[in-house]
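Take a look at the structure set out below.
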2 protein chains.
Amino acid sequence: MPRARTSKPAPSEENTAPSGTTAPGPSIDASFLHTLVGYNARRASMSIIEVFVERMATHDLKMVEFSVLSLVSHNPGITSRQLCAALDVMPPNLVGLIAALERRKLIERRPHPTDRRAVGVHLTPAGAELTAQAERTAAQLEMDATYRLTDAERKTLIQLLQKIYN
Amino acid sequence: MPRARTSKPAPSEENTAPSGTTAPGPSIDASFLHTLVGYNARRASMSIIEVFVERMATHDLKMVEFSVLSLVSHNPGITSRQLCAALDVMPPNLVGLIAALERRKLIERRPHPTDRRAVGVHLTPAGAELTAQAERTAAQLEMDATYRLTDAERKTLIQLLQKIYN
DNA sequence: TATTGTTATACTCTATAACTATA
DNA sequence: TATAGTTATAGAGTATAACAATA
């Protein structure tokens with residue numbers, strides 16, 4: 001269910017109009033898809049993510065990288081395994097990500113205090129600074145990407161969404 | 001911003017507990033992420049998509065394939081280009097998809113009535129039958145995946161989501 | 001000159017198997 | 001015996017460039 005670009009209903013008979021001149025766009029009937037919560041949730045999240053990716057590029061941060069930094073920031077000493085569980089990333093895929101953030105001196109890996117197999121992840125001062133900035137960027141971009149919603153609507157929306165996945 | 005699995009806040013001091021025995025799970029503070037509409041929309045859509053993929057496997061249909069069939073069903077003679085626009089798929093990536101559905105005799109490609117460059121896509125009787133079944137599956141699965149919502153809440157949710165991307 | 005459909009190809013994301021060192 | 005972290009690799013999904021046929 002990839003995101004779509006058009007919306008208006010059209011006659012359900014023979015479609016005789018090719019897209020023609022690109023601009024106005026043909027009116028395709030996607031009304032069934034529009035009745036699906038999943039479809040709408042996906043479209044909405046894609047449209048926010050688009051802005052997210054664009055603005056986070058300012059900090060040279062991908063979405064997952066931002067999530068990692070934010071989690072490490074609020075959970076100093078968190079292990080790779082915990083990050084994997086919280087972000088639903090497979091352990092092998094986190095390795096390169098962590099390594100990249102470490103090369104950029106945004107995080108540090110220190111031996112875990114009680115488990116010698118594990119490694120605790122911590123923010124460096126530079127990492128903490130960048131994370132604080134990035135969280136402000138995220139909060140702002142959210143408001144911009146959902147500017148058609150009132151504060152009350154945004155609150156309601158989040159509650160309803162959490163009812164689905166919690 | 002990949003979906004996460006944990007939710008409850010935790011002290012923001014040194015994290016001394018590795019995940020340990022897998023079951024109960026460590027309590028990671030993801031409270032900042034939970035304030036983001038984008039994060040919640042993504043988590044919710046992922047949780048619905050999970051059910052979607054699982055149930056559509058019954059019809060041996062991927063999400064995009066279902067979307068294509070549904071669009072062709074409501075827009076007989078739609079062109080590849082129109083499908084690409086409506087589904088936000090790059091033309092080269094639709095080719096294999098269409099070919100696969102054609103091999104399964106679910107769709108037919110006929111010359112476009114007015115544009116000899118284009119090809120109109122149509123459902124075969126078998127394709128129409130499968131699409132009707134799959135749409136019923138989709139509608140049902142939606143209800144199941146969002147069973148914690150009342151009908152009114154579901155309606156509100158869809159309206160709010162559409163306010164974001166429309 | 002632009003568009004439709006297509007091939008070939010590259011890049012990113014995600015997933016699996018298997019190893020090591022610790023528990 | 002199970003878990004944390006890692007390597008190597010396979011597989012999706014998604015992206016770009018370039019082409020022939022037609023507009």
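The side chain to side chain contact (heavy atoms under 4.5 Å, CB included) test applied to Ala134(B) returns Met56(B), His59(B), Leu61(B), Phe66(B), not counting sequence neighbours. Remark: Ser80(A) pairs with Leu94(A) by the side chain to side chain contact (heavy atoms under 4.5 Å, CB included) rule, at least two apart or across chains. Lys163(A) pairs by the side-chain hydrogen bond (donor to acceptor under 3.5 Å, both in side chains) definition with Glu153(B), not counting sequence neighbours.
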Table of protein N/O atoms under 3.5 Å from nucleotides 8-11 of chain C N/O atoms:
none

Find every protein N or O atom lying less than 3.5 Å from an N or O atom of nucleotides 19-23 of chain D, and list the pairs.
from	atom 1	to	atom 2	distance (Å)
dA23(D)	OP1	Arg116(B)	N	2.8
dA23(D)	OP2	Arg116(B)	NE	3.4
dA23(D)	OP2	Arg116(B)	NH2	3.0

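Rounded to a whole Å, the CE atom of Met46(A) is 13 Å from the P atom of dG13(D). Distance Arg42(B) CZ to dC13(C) C1': 11 Å, rounded to the nearest Å. Rounded to an integer number of Å, the gap from Ile78(B) CD1 to dG5(C) P is 10 Å. Distance, Arg81(B) CZ to dT6(C) P: 11 Å, rounded to whole Å. For Glu65(A) and dC13(C), the CD to C1' distance is 13 Å, given to the nearest whole Å. For the pair Met63(A) CE and dT12(C) P, the interatomic distance rounds to 16 Å; values are reported in whole Å. Atom CG of Asp88(B) and atom P of dG13(D) are 15 Å apart (whole Å). In this structure, CZ of Arg109(A) is placed 11 Å from C1' of dA4(D), rounded to the nearest angstrom.
Atom CG of Leu101(A) is separated from atom NZ of Lys62(A) by 9.5 Å, given to the nearest 0.5 angstrom. Considering OH of Tyr39(B) and OG of Ser45(A), their distance stands at 13.0 Å, rounded to 0.5 Å. The structure places CD of Gln162(A) at 4.5 Å from CG of Asn40(B), a figure rounded to the nearest 0.5 Å.
The two residues Ser73(A) and Thr131(A) have their closest heavy-atom pair at CB-CG2, 3.8 Å. Among all heavy-atom pairs drawn from Leu71(B) and Ala86(B), the shortest one is CD1-CB, 3.8 Å. Ser70(A) and Glu135(A) make their closest contact through OG-OE2, 2.8 Å (heavy atoms, listed as atom of the first residue, atom of the second, distance). Between Ala145(B) and Ile164(A) the shortest heavy-atom distance is O-CG2, 3.9 Å.
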Q. Please walk me through it: do Leu69(A) and Ile107(A) pass side-chain contact (heavy atoms from CB on, under 4.5 Å)?
A. CA-CA 8 Å; Leu69(A) 289 179; Ile107(A) 61 173; 3.7 Å; yes

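Residue Lys62(B) places at least one side-chain N or O under 4.0 Å from the OP1 or OP2 atom of dG13(D).
For the contact set between residues 94-107 of chain B and DNA chain D, defined by any heavy atom under 4.0 Å, there are no members.
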